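Written below as structure tokens is the structure these notes are about.
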Amino acid sequence: MSMERIHKQMEWLSNNLSYFGSIALFAMMLLTTIDVIGRYFFNKPILGAFELTEFLVLILIFSFLAPSQAKKSHVAVDLIFQHLPGRLRALIDIVNHLLCMLFMALVAYRCFIRALEIKEFGEATSNLGIIKYPFAFFVVFGCAALSIEYLRDLIRLLFAKQKGDY
């Protein structure tokens, strides 16, 4: 499989993850609006709105991690970094991406172990009885996707360094 094909597949995954997160954000806003209206005007809040909001926030956060890294839309402050020599900046970038990739892979692994435990014990929410393990596996998926994005960036940095493009 060529690097270009892998790049296109990860781009497709990141775009679809961001759409999924956008839907979760819209659903969360709609749920909160209806819950507030029901609570204050009709004295009838939505049962389990807090539980649903928790799951929607989880989907929102972990669906935007990889797309944010792919588009480099994270906040970055580089007051000192921009004044360093090119080789040192390249080395810092490589080490940074390597550590971030390894850390997110470790987080994905530990979350996977926890998701299996949640599934085994059949954990569910108290009010609505929603099973929790699919959401735990979504966290694993989001962390793994971010780790892959860091790997893509690391490969790009290594090839740029070899070509002298940094």
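Because the structure is a prediction, the values reported are computed rather than measured.
Contact of the I131 side chain with the I118 side chain is not registered, since no non-hydrogen atoms from C-beta on lie closer than 4.5 Å. For the pair I92/R89, no side-chain contact is recorded, criterion being any heavy-atom separation below 4.5 Å from C-beta on. Under the 4.5 Å side-chain criterion, counting only non-hydrogen atoms from C-beta, L88 is in contact with P85. Here the side chains of V95 and L99 are in contact, with some heavy-atom distance below 4.5 Å. Residues R87 and L91 form no side-chain contact, since every pair of their non-hydrogen atoms from C-beta on lies 4.5 Å or further apart. Looking at heavy atoms from C-beta onward, Y133 lies out of side-chain contact with E120 at the 4.5 angstrom threshold. Taking the side chain as every heavy atom from C-beta outward, T53 and F50 never approach each other to under 4.5 Å. Side-chain contact between L151 and S147: absent, with no pair of heavy atoms (C-beta onward) separated by less than 4.5 Å.
Hydrophobic clustering, defined by side-chain heavy atoms of Ile, Leu, Val, Met, Phe, Trp and Tyr closer than 4.5 Å, groups F42 together with I37, F41.
Going from atom CD1 of I94 over to atom CG of L98 covers 9.5 Å, rounded to the nearest 0.5 Å. Going from atom CG of N16 over to atom OG of S18 covers 7.5 Å, rounded to the nearest 0.5 Å. Remark: R114 CZ to K119 NZ distance equals 14.5 Å, nearest 0.5 Å. In this structure, CD on E149 lies 10.0 Å from OG on S68, to the nearest 0.5 angstrom.
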*What do the steps show when you test D153 against K72 for side chain to side chain contact (heavy atoms under 4.5 Å, CB included), and what is the final call?*
CA-CA 10 Å; D153 287 345; K72 307 297 178 267; 2.7 Å; yes

* Working for side chain to side chain contact (heavy atoms under 4.5 Å, CB included), residues V107 and L146 -> CA-CA 11 Å; V107 170; L146 179 58; over 6 Å; no

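The backbone N or O of L31 lies less than 3.5 Å from no partner atom in the side chain of D35, so there is not a single donor-acceptor pair. Between the T32 side chain and the M29 main chain, no donor and acceptor come within less than 3.5 Å of each other.
In terms of heavy atoms, F62 sits closest to L65 at CD2-CD1, 3.5 Å. The two residues P67 and L17 make their nearest non-hydrogen contact at CG-CB, 4.1 Å.
A search for side-chain hydrogen bond (donor to acceptor under 3.5 Å, both in side chains) contacts involving E54 returns nothing, not counting sequence neighbours. With sequence neighbours excluded, the residues satisfying ring pair (Phe, Tyr, Trp, His ring centres under 6.0 Å) with F138 are F20. Every residue two or more places apart in sequence or in another chain that forms a side-chain hydrogen bond (donor to acceptor under 3.5 Å, both in side chains) with E51 is listed here: T125, S126. Scored by the ring pair (Phe, Tyr, Trp, His ring centres under 6.0 Å) test, F141 finds no partners at all (sequence neighbours excluded).
Residue pairs meeting the ring pair (Phe, Tyr, Trp, His ring centres under 6.0 Å) criterion with at least one partner in residues 89-131, sequence neighbours excluded, are H97-Y150, F112-F137.
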